[in-house]
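First up is the structure itself, then whatever we jot down about it.
Worth knowing before you read on, the calculation uses all heavy atoms, side chains too, and leaves out hydrogens, waters and symmetry mates. We count ligands from 1, going down the list as the structure has it; atoms in each ligand are counted the same way.
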Amino acid sequence: MDKPIIALDFPNASEAEAFLKSFGKEPLALKIGMELFFSEGPEFVLKLKEAGHFIFLDLKLHDIPNTVKSAMRSLAKLGVDLVNVHAAGGKQMMMEALSGLKEGTLAGKSRPKLIAVTQLTSTSEQEMQQEQLIPVSLEDSVLHYSKLAEEAGLDGVVCSSFEAKRIKEQTSDAFLCVTPGIRLASDSKNDQKRVVTPKEARNLHASAIVVGRPITRAENPKVAYERVLKEWEI
Ligand code: C5P
């Protein structure tokens, strides 16, 4: 996962394709979330895979273990590279998710990597304590879920760059910390609260970065992407 992952946050395929046009045939790493997947379905994912892109299918599954296992079997058949679940679904659910991915992986392909969402960055510590009745700090909950994901055999978590170092210390160096909340020094923060530059993310031990608006809403997306790539690769 050397390339910055571009969050393809568009409502439909035609807008996503218009954006991708400026990159020509360059293979990219793309994150497809619920908005685009629910409007365009698996066909669009297959089309992007055929074009040679790395695909992170960000659907954040959370259901009973058996249902998640079957869903993951279907997603693996699409040949995507990275998928995720909510760690709150529990260790058994995460283990079954992994097992579904293994079963669905096509012959000759590698299993999609599986990462967990710990606590959503939109959840405050107060909300977590009062609504979910989790009586620890947000950081401790994130670390706990990360360790649980590792015990279940997952490949990593989605987290803030600020959490990556501690998560890796408590799991392993190879445990993936995929981090959104990335901005170039010149960018607006939008609705992200704590942001870092690609270079800072690298220094904070992020394994991969997810970048949306700084590239997708840039006047020249290709130039913005090259800037992010250059900083991230150092
Ligand atoms: O536009 P921006 O760079 O803020 O986009 C970041 C992407 O990462 C979005 O698709 C957003 O949903 C996602 N994301 C996030 N924070 C998380 C998990 C996912 O910003 N904790």
Side-chain angles (χ1 to χ4, degrees), residues 1 3-12 15-16 19-20 28-40 44-45 48 53-62 80-89 113-125 127-128 132 138-139 141-143 145-146 149 154-164 166-167 176-202 204 206-219 221 223-229 231-232:
M1 281 193 285
K3 290 177 194 163
I5 302 172
I6 303 173
L8 213 49
D9 291 328
F10 293 102
N12 53 52
E15 285 190 36
F19 163 77
L20 290 172
L28 301 167
L30 303 171
K31 178 172 89 71
I32 299 177
M34 288 187 239
E35 182 186 23
L36 191 53
F37 188 75
F38 290 151
S39 78
E40 299 295 342
F44 189 54
V45 175
L48 293 175
H53 301 300
F54 173 102
I55 302 291
F56 170 16
L57 200 49
D58 178 21
L59 299 180
K60 301 186 178 72
L61 302 195
H62 186 170
V80 295
D81 303 278
L82 180 63
V83 293
N84 56 5
V85 291
H86 272 283
K113 296 233 181 299
L114 177 61
I115 57 178
V117 174
T118 56
Q119 288 288 349
L120 292 170
T121 42
S122 53
T123 306
S124 69
E125 184 164 276
E127 279 173 334
M128 181 195 78
Q132 301 177 34
L138 193 64
E139 192 188 354
S141 173
V142 168
L143 284 172
Y145 276 143
S146 299
L154 268 63
D155 302 293
V157 287
V158 183
C159 65
S160 147
S161 298
F162 296 103
E163 295 159 350
R166 280 206 69 194
I167 291 173
L176 299 174
C177 289
V178 177
T179 68
I182 306 294
R183 293 292 178 268
L184 288 165
S186 54
D187 287 333
S188 126
K189 283 191 184 180
N190 306 113
D191 53 357
Q192 297 280 12
K193 293 198 178 87
R194 294 203 303 159
V195 297
V196 297
T197 65
K199 192 175 170 190
E200 286 166 340
R202 172 71 79 192
L204 288 166
S207 321
I209 52 173
V210 175
V211 192
R213 288 160 291 183
I215 298 173
T216 55
R217 305 282 180 264
E219 217 166 283
V223 168
Y225 175 72
E226 297 296 339
R227 263 191 221 139
V228 170
L229 181 67
E231 264 203 39
W232 172 244

Which residue and heavy atom of the protein sit nearest [atom], plus the separation:
atom	value
atom 18 (C) of ligand 1	Pro180 CG, 3.8 Å
atom 21 (N) of ligand 1	Thr121 OG1, 2.9 Å
atom 9 (C) of ligand 1	Asp9 OD2, 3.3 Å
atom 20 (O) of ligand 1	Gln192 NE2, 2.8 Å
atom 12 (O) of ligand 1	Lys31 NZ, 4.2 Å

Does the residue [X] have a heavy-atom contact with ligand 1, meaning some pair of atoms that are separated by less than 4.0 Å?
X	answer
Asn190	no
Pro214	yes
Val210	yes

Could you tell me, atom by atom, which parts of ligand 1 come under 4.0 Å of a heavy atom of [X]?
X	answer
Arg183	1 (O), 2 (P), 3 (O), 4 (O)
Ala7	7 (C), 10 (O)
Arg213	1 (O), 2 (P), 3 (O), 4 (O)

Practice problem: From the options Leu48, Asp9, Asp58, select the one residue that forms a side chain to side chain contact (heavy atoms under 4.5 Å, CB included) with Ile32. | Solution: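 Exactly one candidate clears the test, Leu48.
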Quiz prompt | For Val117, the option from Val158, Leu61, Val157, Val85 that meets side chain to side chain contact (heavy atoms under 4.5 Å, CB included) | solution = Val158
Quiz item: Can you find a heavy atom in the side chain of Leu204 that is under 4.5 Å from one in the side chain of Phe162?
Solution: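 Yes; the side chains approach each other to less than 4.5 Å.
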Polar contact flag for [X] and ligand 1 (N/O pairs, less than 3.5 Å):
X	result
Gly212	yes
Lys60	no
Asp58	no

Quiz item: So how far is it from Glu231 CD to Leu184 CG, rounded to the nearest 0.5 Å?
Solution: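 Glu231 atom CD to Leu184 atom CG measures 5.5 Å (nearest 0.5 Å).
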Self-check item: Lys31 atom NZ, neighbour heavy-atom count above 12 within 6.0 Å
Solution: yes
Quiz item: Under 3.5 Å, side chain of Thr179 to main-chain N/O of Cys159, donor-acceptor pair present?
Solution: no
Quiz prompt | Thr216 side chain vs Gly212 backbone, donor-acceptor pair below 3.5 Å | solution = yes
Quiz item: Could you go step by step and tell me if Glu125 and Glu139 meet the side chain to side chain contact (heavy atoms under 4.5 Å, CB included) rule?
Solution: CA-CA 9 Å; Glu125 184 164 276; Glu139 192 188 354; over 6 Å; no
Practice problem: Report yes or no: do Asn190 and Arg183 form a side-chain donor-acceptor pair below 3.5 Å? | Solution: yes
